[in-house]
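Count residues from 1 along the sequence. Quick caveat: nothing in here was measured; it's all calculated off a predicted structure.
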Amino acid sequence: MGSTRVEISVGLFLICGFLALGWLALRLGEVPWVMETKSYTINAEFNNISGVKNGADVQVAGVVVGKVRQLTLNEDKKAVVAMQVDRAIVIPVDSVASVKSQGIIGDKYIQITLGGDEKSYQPGSTIVDTESAVDLESLISKFAFGQVK
């Protein structure tokens, strides 16, 4: 009798633990069908994203508002950056996305300069007004070999 009671209490404890773990996983994973997510995905299309990595910051006015989630190449051979941005940030359609660097040789990040248009990008849309990364190596080699005009 005593061992049955212990087995039942251990089973109930394990079930409660698994339920708590499942709830925590859904909460931290921002599963959209369970709750409203705190962020959304927006894309930006660049000619060159040299140095940008998954997990790089997305900033507005120097404040981190998101992270780079995926880097791909589209059918036009342009780099597409998928960014996870805080839902509180509304990005007008005349905004500009730029690849910037922390200092001269620091990590690369995406800077979004917000515009003033009434219309804004919807989740999943693509920012096409972009400024690509400056390739310092090619600029230095052009200067060194006299190809700068």
Side-chain angles (χ1 to χ4, degrees), residues 1-140:
M1 264 307 182
S3 67
T4 309
R5 181 174 285 166
V6 171
E7 290 172 358
I8 290 174
S9 61
V10 168
L12 289 174
F13 180 76
L14 283 175
I15 289 172
C16 290
F18 283 128
L19 289 175
L21 186 64
W23 177 81
L24 186 63
L26 291 174
R27 187 90 172 137
L28 293 177
E30 289 190 8
V31 179
W33 49 269
V34 174
M35 66 190 69
E36 186 176 339
T37 59
K38 297 175 186 166
S39 61
Y40 66 98
T41 302
I42 190 160
N43 302 313
E45 187 177 87
F46 294 91
N47 289 327
N48 182 3
I49 57 166
S50 179
V52 176
K53 298 177 182 151
N54 281 341
D57 289 341
V58 176
Q59 297 183 5
V60 171
V63 177
V64 176
V65 297
K67 296 284 184 195
V68 171
R69 290 296 172 221
Q70 187 176 20
L71 306 169
T72 57
L73 203 58
N74 68 8
E75 60 275 352
D76 295 331
K77 304 297 184 242
K78 291 193 176 196
V80 177
V81 177
M83 302 171 285
Q84 199 76 25
V85 179
D86 187 349
R87 188 162 291 286
I89 303 300
V90 177
I91 303 173
V93 294
D94 60 343
S95 299
V96 178
S98 310
V99 176
K100 300 288 185 178
S101 179
Q102 303 274 8
I104 294 175
I105 56 171
D107 291 336
K108 301 283 184 159
Y109 66 94
I110 305 294
Q111 173 71 40
I112 299 177
T113 306
L114 299 178
D117 201 313
E118 299 272 330
K119 292 188 251 175
S120 60
Y121 284 110
Q122 298 302 310
S125 51
T126 301
I127 301 172
V128 291
D129 193 6
T130 59
E131 296 173 353
S132 295
V134 175
D135 189 3
L136 287 176
E137 293 164 349
S138 66
L139 288 177
I140 291 170

[Y] side chain reached by [X] side chain, heavy atoms, under 4.5 Å:
X: Leu71; Y: Ile49; answer: yes
X: Asn47; Y: Lys78; answer: yes
X: Val96; Y: Ile112; answer: no

Which pairs with one or both residues in [range] pass salt bridge (charged side-chain N to carboxylate O under 4.0 Å, His left out), sequence neighbours excluded?
range: residues 44-61; answer: Asp57-Lys67
range: residues 90-100; answer: none
range: residues 15-24; answer: none
range: residues 16-25; answer: none

**OP:** Run the numbers on Val81 and Phe46 for side chain to side chain contact (heavy atoms under 4.5 Å, CB included), then give the verdict.
**Re:** CA-CA 8 Å; Val81 177; Phe46 294 91; 3.8 Å; yes

Ignoring hydrogens, what is the shortest heavy-atom contact between [X] and [Y]? Give both atom names and the distance.
X: Pro92; Y: Leu114; value: CD-CD2, 3.9 Å
X: Val99; Y: Lys108; value: CG1-CD, 4.2 Å
X: Gln111; Y: Ala61; value: NE2-N, 3.1 Å
X: Gly124; Y: Asn43; value: O-ND2, 3.5 Å

Mind checking the [atom1]-[atom2] spacing from [X] to [Y]? Nearest 0.5 Å is all I need.
X: Ile110; Y: Met83; atom1: CD1; atom2: CE; value: 6.5 Å
X: Asp129; Y: Ser98; atom1: CG; atom2: OG; value: 8.5 Å
X: Ser125; Y: Ile42; atom1: OG; atom2: CD1; value: 4.0 Å

Check: [Y] main-chain N/O paired with [X] side-chain donor or acceptor under 3.5 Å:
X: Asn74; Y: Lys77; answer: yes
X: Ser39; Y: Gln84; answer: no
X: Ser95; Y: Ile91; answer: no

Subject >> Pairs flagged by side chain to side chain donor-acceptor pair (under 3.5 Å) wherever residues 113-123 is involved - sequence neighbours left out >> reply: none

**OP:** Test Val64 against Val58 for side chain to side chain contact (heavy atoms under 4.5 Å, CB included), laying out the working first.
**Re:** CA-CA 6 Å; Val64 176; Val58 176; over 6 Å; no

Original post:
Can you name the residues that form a side chain to side chain donor-acceptor pair (under 3.5 Å) with Thr130, not counting sequence neighbours?
Top reply: none

